[in-house]
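A quick write-up on the structure given underneath.
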Amino acid sequence: LWIFGYGSLVWRPGFEFTSRKVGFIRGYSRRFWQGDTFHRGSEKMPGRVVTLLEDCGACTWGVAYEVRGEQIAASLEYLNMREAVLGGYDTKLVKFHPQEKDAEEPILALVYIATPQNPSYLGPASEEDIAAQIIVSSGCAGHNIEYLLRLADFMRYFCPQAEDKHLFSIEEALISILPCLYYTEESLEET
């Protein structure tokens, strides 16, 4: 079984796997439209994490993990709790295209997608509003800023040829807001 990750799974799968490949799936755009009240946020301040939006001309880069034998049941049990029960994601099978030059046919992979029907779905917002929400959100897996920056770093270092305007626009908005927050917090401490 192959499992495709396009969010935190690219750097923290949390399950044992046999091999991994960087690559992409077609027909989807990655969007920070899913709310997170456990891993990267709380009930009072939900974080923003990614989901996939059907988009005919787009492709989303990430990592596919191959799981075999006993790894299959263990990884699915873990991911069903992490992604479906706690996250509100559904599963779907997609065609994964490995980045490797000598890759043969696409690989069928399982992917978790949060749909607008789940209760944690936040939907679209401006890059600035998403960045502002990410800045103030933190959950049991860490700060929401870490999630955004690790995902941007993955894209920058493992898929430098790929474009992800949505992701990098949110990163830019976050970086432009952070100095203001730092200055404001320092000013408050002095008074």
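Without hydrogens or angle criteria, Y89 side chain to T115 main chain gives no donor-acceptor distance under 3.5 Å. Although no hydrogens or angles enter the test, the distance criterion places no donor-acceptor pair under 3.5 Å between the side chain of T37 and the main chain of E43. In this structure a side-chain-to-backbone donor-acceptor pair under 3.5 Å is missing from H39 to C140.
Y65 meets the ring-ring contact (aromatic ring centres under 6.0 Å, His included) test with F15, F17; sequence neighbours excluded. Every residue meeting the side chain to side chain contact (heavy atoms under 4.5 Å, CB included) condition with A162, not counting sequence neighbours, appears here in chain and number order: W61, M155, C159. Residues passing the salt bridge (Lys or Arg N to Asp or Glu O under 4.0 Å) test with R40 are E146, sequence neighbours excluded. For F158, the side chain to side chain contact (heavy atoms under 4.5 Å, CB included) partners at least two apart in sequence or on another chain are V22, F154.
Tracing side-chain contacts under 4.5 Å through hydrophobic residues (I, L, V, M, F, W, Y), one reaches W2 starting from V10; they form part of the same cluster.
A salt bridge links R156 and E171; the closest N-O separation between the charged side-chain nitrogens and carboxylate oxygens is under 4.0 Å. For R20 and E66, the salt-bridge test fails: no basic side-chain N is under 4.0 Å from an acidic carboxylate O.
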Mind listing the side-chain donor-acceptor pairs of residues 52-60 below 3.5 Å, one per line with the distance, residues two or more places apart or on another chain?
residue : atom : partner : partner atom : Å
D55     : OD2  : S29     : OG           : 2.5
T60     : OG1  : Y28     : O            : 2.8

Donor-acceptor pairs are to be reported for all side-chain atoms of residues 125-136 against protein atoms at under 3.5 Å, with residues two or more places apart or in another chain.
residue : atom : partner : partner atom : Å
S126    : OG   : D129    : N            : 3.0
S126    : OG   : D129    : OD2          : 3.4
Q133    : OE1  : R48     : NE           : 3.0
Q133    : NE2  : P46     : O            : 2.9

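A donor-acceptor pair shorter than 3.5 Å can be found between the side chains of Q34 and N118.
Under the 30°/60° scheme for interplanar angles, the aromatic rings of F96 and F4 are found to be tilted.
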